[in-house]
Amino acid sequence: LRIAIVEDEPAARRRLVRAIAADASLQVVAEFDNGRDALKWLEGQAPDVLLCDLGLPDLPGLAVITYCADTHPRCQVMVISMYEDEAHVIRSLKAGAKGYLLKDSLGSEVTERIHELARGGSPITPVIARLVLNTMHHVAPKANAEGIDAVKLSAKEVVVLTRIAQGFGYAEIAEL
């Protein structure tokens, strides 16, 4: 899998590159510390997976996510961020992100989450899953206060998200 990383924090970017380099089936094809360079590269390139921070120095990470999702629909986008508030999470998912991981939760499992994303999954940090669930429980049937459309989940999807929020691992959830 070809991976592009958009992360302005050098230490965080190095951790991601090292973790990805340890997996022979993954390859970092591009690294960027700002959104403008990433957008320019994405004009002519399409990675399989884009890992994108939200807090970039020159423009919002949401701009990169939206552009990538619109221009390269086969590219799977995952947010890697410190933001864990409702507004950032919901906006990221609406922009086209298929996964959302908090930087402080990243460790050796980042490659597992990339593979999960590429297989069609949506890796979400348990804290973010809880936030999404809480948002779902408080959204009116048509729209919430910000005008964001309500999302309808099946009973199984609610169970899976609840277990993620409780801290269960993906293998445990599958077994249950």
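Computed from a predicted model, the values in this text were never measured in an experiment. As a basis for the values below, the full set of heavy atoms in this structure was taken, side chains included, without hydrogen atoms, waters or symmetry mates. Residues: numbered from 1 along the sequence shown.
- One distance of note links CD of E116 with CD1 of I124; it measures 9.5 Å at 0.5 Å rounding.
- Residues D33 and R13 are in side-chain contact: their nearest non-hydrogen atoms beyond the backbone lie under 4.5 Å apart.
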List the atom pairs, with distances to 0.1 Å, where a side-chain N or O of residues 43-65 and a protein N or O form a donor-acceptor pair under 3.5 Å, not counting sequence neighbours.
residue : atom : partner : partner atom : Å
D48     : OD2  : R2      : N            : 2.7
D53     : OD1  : G55     : N            : 3.4
D53     : OD2  : K103    : NZ           : 3.3
D58     : OD1  : G35     : N            : 2.9
D58     : OD2  : G35     : N            : 3.4
D58     : OD2  : R36     : N            : 2.9

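- In this structure, the side chain of T125 engages the main chain of L102 through a donor-acceptor pair within 3.5 Å.
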Intermediate values then yes/no, side chain to side chain contact (heavy atoms under 4.5 Å, CB included), R113 and L101: CA-CA 9 Å; R113 300 298 173 245; L101 300 178; 3.9 Å; yes

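- Distance check: E7 CD to R14 CZ gives 11.0 Å after rounding to the nearest 0.5 Å.
- Across Y100 and M78, no two heavy atoms sit closer than the pair N-CG, 4.1 Å.
- Qualifying side-chain hydrogen bond (donor to acceptor under 3.5 Å, both in side chains) partners for H72, counting only residues two or more places apart in sequence or in other chains: none.
- To the nearest 0.5 Å, atoms CZ (R119) and CD (Q76) are separated by 12.0 Å.
- Note that OG of S92 and NZ of K98 are 12.5 Å apart. Values are rounded to the nearest 0.5 Å.
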After noting the C-alpha distance and the side-chain angles of I114 and L117, does the key distance pass the side chain to side chain contact (heavy atoms under 4.5 Å, CB included) rule? CA-CA 5 Å; I114 291 170; L117 183 72; 5.6 Å; no

Listing, residues 15-23 side-chain donor-acceptor contacts under 3.5 Å, not counting sequence neighbours, or none:
residue : atom : partner : partner atom : Å
D23     : OD1  : S25     : N            : 2.8
D23     : OD1  : S25     : OG           : 2.6
D23     : OD2  : H115    : NE2          : 2.8

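- The CG atom of L42 sits 6.5 Å away from atom OH of Y67, with the distance rounded to the nearest 0.5 Å.
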Side chain to side chain contact (heavy atoms under 4.5 Å, CB included) for W41 and V29? Distances and angles first, verdict last. CA-CA 11 Å; W41 184 82; V29 294; 3.9 Å; yes

Show your working on side chain to side chain contact (heavy atoms under 4.5 Å, CB included) between I3 and L1 and close with a plain yes or no. CA-CA 6 Å; I3 315 295; L1 294 172; 4.1 Å; yes

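- The backbone N or O of A11 lies less than 3.5 Å from no partner atom in the side chain of E9, so there is not a single donor-acceptor pair.
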